[in-house]
Amino acid sequence: MTIDATRAAGLARLADFVPRAGRAYAAERNHDRGPGDRANVSTLAPWVRHRLVTEREVVEAVLARHSPQAAEKFVQEVLWRTYWKGWLELRPSVWGRYWAGLEPVLAGLNADARSRYDDAIAGRTGIDGFDDWARELVETGYLHNHARMWFASIWLFTLRLPWQLGADLFLRHLLDGDPASNTLSWRWVAGLQTAGKTYLATADNIARYTDGRYRPRGLATEAIVPDDDPVPPAAPAPTPTPLPSGRVVLLLHEDDLHAESLLPAIAAAGAEVVAVAAPTAGERRSPVAATAEGPARFTAQALDDGRDRAARALAVPAIALDGLEASVIAAAAREHRATAVVTPYAPVGPTRDPLDRASADLATEGLPLATALREWDALAWPHATRGFFPFKERIPALLRTQRIGLDRG
Ligand SMILES: Cc1cc2nc3c(=O)[nH]c(=O)nc-3n(C[C@H](O)[C@H](O)[C@H](O)COP(=O)(O)OP(=O)(O)OC[C@H]3O[C@@H](n4cnc5c(N)ncnc54)[C@H](O)[C@@H]3O)c2cc1C
């Protein structure tokens with residue numbers, strides 16, 4: 001597949017997939033037919049992860065073509081992303097602990113575990129399927145959802161490796177590597193998200209959904225839940241804060257690159273965007289190793305596309321920033337005589353931390369950094385307090401408030 005990290009390419013992929021997003025998706029989505037045939041899934045995640053194309057747009061396009069009943073499964077899958085984002089947003093310490101724990105977990109591997117880890121990441125465990133998925137991950141930056149589940153389950157319960165190191169491997173190599181979906185999916189497989197519920201891969205299930213390509217032998221028959229701190233109680237969800245008026249620099253980042261849909265709210269506050277800025281590269285996805293080349297390139301191109309597209313739409317200069325430090329942002333704002341900076345709300349993850357630091361430093365210089373929270377997130381995230389089942393009950397109301405799919409009843 002050609003990987004073009006632009007909104008235009010994401011929209012083209014969406015348009016191509018929409019006819020298959022109804023009952024065909026529900027019936028076929030669980031089959032991993034291998035890297036040569038991904039027609040039964042959308043492969044849209046890298047574009048949606050950076051919001052080159054928004055969840056709202058994906059759901060809207062699908063419901064313009066299919067009835068809510070036919071598209072129910074696909075819409076629910078898209079809403080898993082929103083749910084995981086919301087869940088982590090309400091419990092940021094789960095991310096903080098994961099990140100801070102990576103170095104000690106890696107350093108704490110004994111010689112046996114270290115050799116299992118080295119074999120796993122190099123795809124030389126001898127486990128049928130697993131080794132191919134390890135290579136596919138590194139070579140393509142994509143794995144089918146079911147392969148992600150099997151891989152994580154074998155990593156945890158057969159190879160007895162720490163979930164954090166598997167999550168780190170995925171996050172650094174997936175084009176759609178996402179702090180919330182990835183960390184929480186790994187925790188879900190491990191049995192840390194839903195008390196007592198683990199995901200144990202079986203040879204029969206793998207053989208069935210890979211159409212007989214793989215039937216690994218010797219898989220664990222018991223899932224032992226790793227030790228972990230209890231899940232913290234949910235904090236209140238973020239609420240929209242007032243946006244500034246006057247001359248502002250719009251600061252884009254890798255978590256939200258569809259500025260066009262935020263502009264009406266910015267204009268309504270009385271702000272005039274005088275320049276659009278974005279860093280030239282994504283943030284580090286791991287404290288222990290570099291982001292793989294494919295995702296690093298995808299993110300950098302996505303940032304260019306988001307910044308240049310917004311600057312063109314507004315007919316203002318585009319500024320390529322060397323990072324998200326306060327001094328870099330302040331220099332761009334001063335150059336354009338801006339009195340404030342507006343940025344899309346950055347959810348919990350590697351981008352949020354430098355933005356929080358920059359915000360505090362900029363405030364001391366009298367340059368406010370305001371965040372624009374999307375209505376989609378503001379409406380959905382407060383419901384991510386428990387499991388996906390109660391969250392999913394809220395989807396019809398969310399779509400009604402967003403005026404999506406109403407014409408089809
Ligand atoms: C261990 C593990 C790690 C994962 N890590 C990531 C990750 O880093 N980034 C990521 O985007 N997804 C992750 N997922 C979720 C899911 O596997 C991918 O979103 C999906 O496979 C992407 O392929 P697609 O676009 O073809 O999906 P499709 O089946 O076409 O689904 C449509 C869209 O719905 C969303 N979606 C579908 N399934 C899920 C899900 N389970 N959770 C969240 N969103 C979903 C995605 O935006 C996807 O593009 C992970 C799942 C597991 C089990």
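Numbers here simply count residues along the sequence, with the first being 1. On a predicted model such as this, the values are computed, not experimentally measured, just so you know. We count ligands from 1, going down the list as the structure has it; atoms in each ligand are counted the same way.
At least one N or O atom of Ala45 sits closer than 3.5 Å to an N or O atom of ligand 1.
With a heavy-atom cut-off of 4.0 Å, Asp178 touches ligand 1 through backbone and side chain alike. Neither the backbone nor the side chain of Phe151 comes within contact range of ligand 1; no heavy atom lies under 4.0 Å. With a 4.0 Å cut-off on non-hydrogen atoms, Trp84 touches ligand 1 through its side chain and not its backbone. No part of Trp188 comes within 4.0 Å of ligand 1, judged by heavy-atom distances.
The residue from His144, Arg38, Arg13 that alone fulfils the side-chain hydrogen bond (donor to acceptor under 3.5 Å, both in side chains) condition with Thr43 is Arg13. The residue from Trp87, Trp381, Trp376 that alone fulfils the side-chain hydrogen bond (donor to acceptor under 3.5 Å, both in side chains) condition with Thr82 is Trp376.
Nearest protein heavy-atom neighbour of atom 32 (C) of ligand 1: Phe74 CE1, 3.5 Å. Distance from atom 44 (N) of ligand 1 to its nearest protein heavy atom, with residue and atom name: Arg81 N, 3.5 Å. Protein heavy atom at the shortest distance from atom 53 (C) of ligand 1 is Met149 CG, 3.5 Å. In terms of protein heavy-atom proximity, atom 36 (N) of ligand 1 is closest to Glu77 O, 3.2 Å. Atom 40 (C) of ligand 1 has its closest protein heavy atom at Trp80 CB, 3.8 Å. For atom 31 (O) of ligand 1, the closest non-hydrogen atom on the protein side is Tyr25 OH, 3.5 Å. At the shortest separation from atom 7 (C) of ligand 1 among protein heavy atoms lies Asp176 OD1, 3.4 Å.
A heavy-atom distance below 4.5 Å is not found between the side chains of Asn40 and Arg20.
Interatomic distance, Asn182 CG to Arg172 CZ, rounded to the nearest 0.5 Å: 11.0 Å. In this structure, OG1 on Thr343 lies 4.0 Å from CG on Leu251, to the nearest 0.5 angstrom.
Those atoms of ligand 1 with a heavy atom of Gly177 less than 4.0 angstrom away are 8 (O). Listed by number with element, the atoms of ligand 1 under 4.0 angstrom from any heavy atom of Leu174 are 5 (N), 7 (C), 8 (O).
Between the side chains of Glu77 and Asn145, no donor-acceptor pair is found at a separation under 3.5 Å.
A perpendicular orientation is assigned to the rings of Phe151 and Trp186, their planes being inclined by more than 60° (bins at 30° and 60°).
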